[in-house]
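The structure under discussion appears below in the form of structure tokens.
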Amino acid sequence: MKLLDVALNAVILLSATVFLSYIGVYYFDFGLFTALPESITEFFLSAGALQYVALALVVAALIAKALVGRAIARQETRRQI
């Protein structure tokens, strides 16, 4: 369970980074996609739907993380008894 929790943290971090990079480049002309070379960002900017996929992943991972956290707490409570 704890490995799943760590994996969810990684998914949240990566997806949030991608989503915030889209927000930065589209609305503020600032952020990760403006700092990286064009050969890297070209893929992301040509597929604008990826920003919504990243947002959905963040939301799903946050919900899953809450459920996994409850399961870990239950396991730890059972071990103490």
Side-chain angles (χ1 to χ4, degrees):
M1 278 290 184
K2 290 190 179 186
L3 184 62
L4 181 59
D5 191 46
V6 171
L8 287 171
N9 284 335
V11 168
I12 291 169
L13 180 66
L14 180 65
S15 300
T17 301
V18 170
F19 180 71
L20 291 174
S21 296
Y22 274 107
I23 296 293
V25 77
Y26 285 149
Y27 298 109
F28 302 110
D29 196 30
F30 181 78
L32 183 63
F33 286 165
T34 59
L36 290 173
E38 189 175 328
S39 61
I40 296 172
T41 59
E42 181 180 348
F43 167 75
F44 289 99
L45 295 178
S46 66
L50 284 177
Q51 67 183 323
Y52 301 111
V53 172
L55 179 61
L57 277 173
V58 169
V59 171
L62 285 172
I63 292 169
K65 185 160 174 50
L67 297 174
V68 167
R70 288 182 192 164
I72 290 173
R74 270 188 250 126
Q75 282 182 350
E76 290 177 359
T77 301
R78 289 179 186 159
R79 287 182 190 161
Q80 291 177 357
I81 295 177

Is Phe19 reachable from Leu13 through a run of I, L, V, M, F, W or Y residues, each pair having side-chain heavy atoms under 4.5 Å apart?
-> no

Find the distance between CG (Asp5) and NZ (Lys65) and round it off to the nearest 0.5 Å.
-> 3.5 Å

Are any side-chain N or O atoms of Ser46 and backbone N or O atoms of Phe43, one a donor and one an acceptor, separated by less than 3.5 Å?
-> yes

For Ala54 and Val18 the tightest heavy-atom approach is CB-CG1, 4.0 Å

Treating Ile, Leu, Val, Met, Phe, Trp and Tyr as nodes and any side-chain heavy-atom pair under 4.5 angstrom as an edge, say whether Leu55 and Val25 lie in one connected cluster.
-> yes

For residues Ile72 and Glu76, determine if any side-chain heavy atom of one lies less than 4.5 Å from a side-chain heavy atom of the other.
-> yes

Hey, what do you get for CD (Glu38) to CD1 (Ile40), rounding to the nearest 0.5 Å?
-> 11.0 Å

Ser15 versus Leu57, closest heavy-atom pair with distance | OG-CB, 3.4 Å

Can you measure from OG1 (Thr17) to CG (Leu32) and round to the nearest 0.5 angstrom?
-> 7.5 Å

Step by step, would you call Tyr26 with Leu45 a side-chain contact (heavy atoms from CB on, under 4.5 Å)?
-> CA-CA 9 Å; Tyr26 285 149; Leu45 295 178; 4.2 Å; yes

Is the CZ atom of Phe30 crowded by more than 12 outside heavy atoms at less than 6.0 Å?
-> no

What's the spacing between Leu67 CG and Leu4 CG if we round to 0.5 Å?
-> 10.0 Å

Which heavy atom of Met1 sits nearest a heavy atom of Val68, and at what distance?
-> O-CG1, 3.8 Å

Main-chain N/O of Phe44 paired to Tyr22 side chain as donor or acceptor, under 3.5 Å | yes

Which atoms form the tightest heavy-atom contact between Val11 and Ala61, and what is the distance?
-> CG1-CB, 3.9 Å

Shortest non-hydrogen pair, Ala73 vs Thr77, comes out as O-OG1, 2.8 Å

